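Quantities reported herein were computed from a predicted structural model and do not represent experimental measurements.
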Amino acid sequence: GKYSTQDIAIASSACVDCLRGKYSTTEGAPSDDHCECCPAGKYSELTGADQPEDCDLCGAGTYSGFNCRQSADTFGPCPRGTWSNTEGAFNETTCIACVAGKYSEEQAMIRDNCLPCAAGKFSTATGVGDASMCVSCPAGKFSPETGASSPDTCQNCGVGKYLSESGKTSASACVRCGFGTYSYSVGAETISTCILCPAGTWSNTQGASSNSTCKLCRAGTYSTTQGATSESRCLECAAGTYSSVLGAPSTIFCVKCLRGTYSFTPGATTFATCFQCVAGKYSLDLGASSPSSCVLCDAGKYSSTVGANSTDTCRACPPGTYLTTRGSTDISMCTLCDAGKYSTETAQTSESTCRACAMGTYSTKTGASSVDTCTKCLWGKFSGSLGADSENACTNCLRGTYSSVNGSISSQQCQRCPAGKYSTTPGAWSFLFCVDCPAGKFSTTTGNADETRCSLCLAGYYSAIPGITRSE
């Protein structure tokens, strides 16, 4: 363990110790060449070591490829991600790599203390020296397994769910698609994979995996909203419309009640809710929501049609009649012009439109539609009355007069029998009713009503000729 380069040594103090990291089994060594290095994988902190056993083995977890190591601090540690339980290792090959799925951030580990990659991660590499090298399961997947060595351990989120974050450890991290949506996708990464329920449907199911959870809006309703979450988004068809369609996506499917009908029922499902306008009324409006849309036929007209959809259904009262009220339902409601009157026009609204037969005429007909129904008073008669409704209104010309003209309007049209004649007949229609005063009598006056108006010839005179007009 010592040597001396002096030729003549006089004391043991002349013997020099071999340096640390070396030893010598030679006694009386003349130089340090006899101090041999501790081999690779060993070291010695002693000076003057005198045997190989004084070289200590490198500790487990370390190695040294050099001779003459003087301290354990000079040995290289097994790098992170490896370990070694071999003492006296002289190269790195004795450092055993952490298996896939594990890592170690420590150096010089002497046993397999490699830590498993956390749940939600995996590693396919061996000898991983940092936890950050454990790969996170991608978005849309999760893994509850620690120490995973394959991406196959990352399980897909199920249908109806998505996961936008990586490295998740549990199925509970998968977010359910919200109300009003569904998803067919496995391992979905974003909410965009959640498909909105179409317009006309709604869903109160979270995490739905098919569109079968999208419930149809009931008949009589519609919804323009995609992704509706409640039946309340199904709006009722407006009053005046109806729909028998399930899942209607717009108001187009709300059918308007026909002209001539109306409905005040919102959310109606059938045409049967469209009530017909009553007789005497009509409606031109599509989708009417109130009976007020049914318009009364005008005065002078009537309609027996139920559910009328045109003004043409309001028929005019015929000539000879009038009607003062609106909304009449039958021709029988048209009032006949009184006897003695007539009307030539249709759809009349007032009794004043019934024209009176002229003087000299009369009419017994009610509801007369022509002036031709006004009959002239016969010859020998006259009438000064307007609108006479009976032949009795025609007055006879007085005795002593006659008229050969029909339709006379005044007694002045009755001509007087001439002088020398008389007539006892009222209503005479011919001059022939004027009878001569008998022989022996005369008359100087006209319009004589009987024979007493014929005077006797004066004394001393006579006449054998009837109808004379003077006394001499």
Side-chain angles (χ1 to χ4, degrees), residues 18-23 36-47 49 52-157 163-174 187 189-190:
C18 288
L19 297 175
R20 291 185 302 165
K22 294 184 177 183
Y23 68 93
E36 298 182 34
C37 286
C38 289
K42 292 185 178 184
Y43 72 96
S44 175
E45 296 179 342
L46 299 175
T47 58
E53 288 76 10
D54 289 333
C55 295
D56 296 320
L57 294 172
C58 292
T62 64
Y63 66 93
S64 175
F66 298 99
N67 299 327
C68 303
R69 297 290 90 187
Q70 297 178 355
S71 169
D73 294 339
T74 61
F75 298 158
C78 284
R80 293 187 300 177
T82 65
W83 63 277
S84 175
N85 58 6
T86 302
E87 295 181 333
F90 51 84
N91 60 39
E92 192 177 343
T93 60
T94 60
C95 297
I96 303 171
C98 290
V99 298
K102 293 187 176 185
Y103 70 95
S104 173
E105 296 180 344
E106 298 181 26
Q107 294 178 324
M109 286 207 309
I110 63 174
R111 61 181 60 87
D112 185 1
N113 286 337
C114 299
L115 302 175
C117 288
K121 298 186 176 186
F122 67 92
S123 174
T124 59
T126 59
V128 173
D130 195 311
S132 64
M133 298 178 69
C134 294
V135 182
S136 294
C137 287
K141 298 188 177 188
F142 66 92
S143 175
E145 187 174 326
T146 59
S149 60
S150 168
D152 295 339
T153 58
C154 298
Q155 303 174 37
N156 288 318
C157 288
L163 182 55
S164 57
E165 299 178 57
S166 61
K168 291 302 178 180
T169 63
S170 170
S172 62
C174 299
E189 299 178 5
T190 67

**OP:** Supply the atom-to-atom distance Arg80 CZ to Met109 CE, rounded to the nearest 0.5 angstrom.
**Re:** 11.5 Å
Subject >> salt bridge (charged side-chain N to carboxylate O under 4.0 Å, His left out) involving Glu105 - partner list, sequence neighbours excluded >> reply: none
Subject >> Residue pair Ser64 / Cys58: nearest heavy atoms and the distance that separates them >> reply: CB-SG, 3.9 Å
**OP:** Could you tell me whether a side-chain N or O of Thr146 sits under 3.5 Å from a main-chain N or O of Pro116, the two making a donor and an acceptor?
**Re:** no
Original post:
With a 4.5 Å limit on heavy-atom distance, are the side chains of Cys38 and Tyr43 in contact?
Top reply: no
Original post:
Closest approach of Arg20 and Gln70, non-hydrogen atoms and distance?
Top reply: O-CG, 3.1 Å
Original post:
Rounded to the nearest 0.5 Å, how far apart are SG of Cys78 and CD of Glu106?
Top reply: 12.5 Å
Subject >> Considering all heavy atoms, the nearest Thr82-Cys95 contact >> reply: OG1-CB, 3.7 Å
**OP:** Mind checking the CG-OG spacing from Leu115 to Ser104? Nearest 0.5 Å is all I need.
**Re:** 6.5 Å
Original post:
Can you name the salt bridge (charged side-chain N to carboxylate O under 4.0 Å, His left out) partners of Lys168, sequence neighbours left out?
Top reply: Glu165
Original post:
How many angstroms lie between SG in Cys117 and OH in Tyr103, if you round to the nearest 0.5 Å?
Top reply: 7.5 Å
**OP:** Kindly indicate whether the side chain of Thr124, heavy atoms from C-beta on, has any atom under 4.5 Å from the side chain of Pro151.
**Re:** yes
Original post:
Among all residues two or more places apart in sequence or in another chain, which pass the side chain to side chain donor-acceptor pair (under 3.5 Å) test with Ser132?
Top reply: Asp130
Subject >> Within-4.5 Å side-chain heavy-atom neighbours: Lys22 and Ser44 >> reply: no
Subject >> Distance (rounded to the nearest 0.5 Å) between Cys18 SG and Leu46 CG >> reply: 11.5 Å
Subject >> Close side-chain approach of Pro52 and Tyr23, heavy atoms under 4.5 Å >> reply: yes
Subject >> Closest approach of Glu92 to Pro79 (non-hydrogen atoms, all atoms of both residues) >> reply: OE2-CG, 3.3 Å
Original post:
Do you know the tightest heavy-atom contact between Glu189 and Ala139?
Top reply: CG-O, 3.3 Å
Original post:
Below 4.5 Å, heavy atoms only, C-beta onward: do Trp83 and Cys114 meet side chain to side chain?
Top reply: yes
Subject >> Atom pair CG (Leu163) and OG1 (Thr190), whose distance is rounded to the nearest 0.5 Å >> reply: 11.0 Å
Subject >> Minimum heavy-atom distance between Ala40 and Gly65, given as atom pair plus value >> reply: CB-C, 3.7 Å
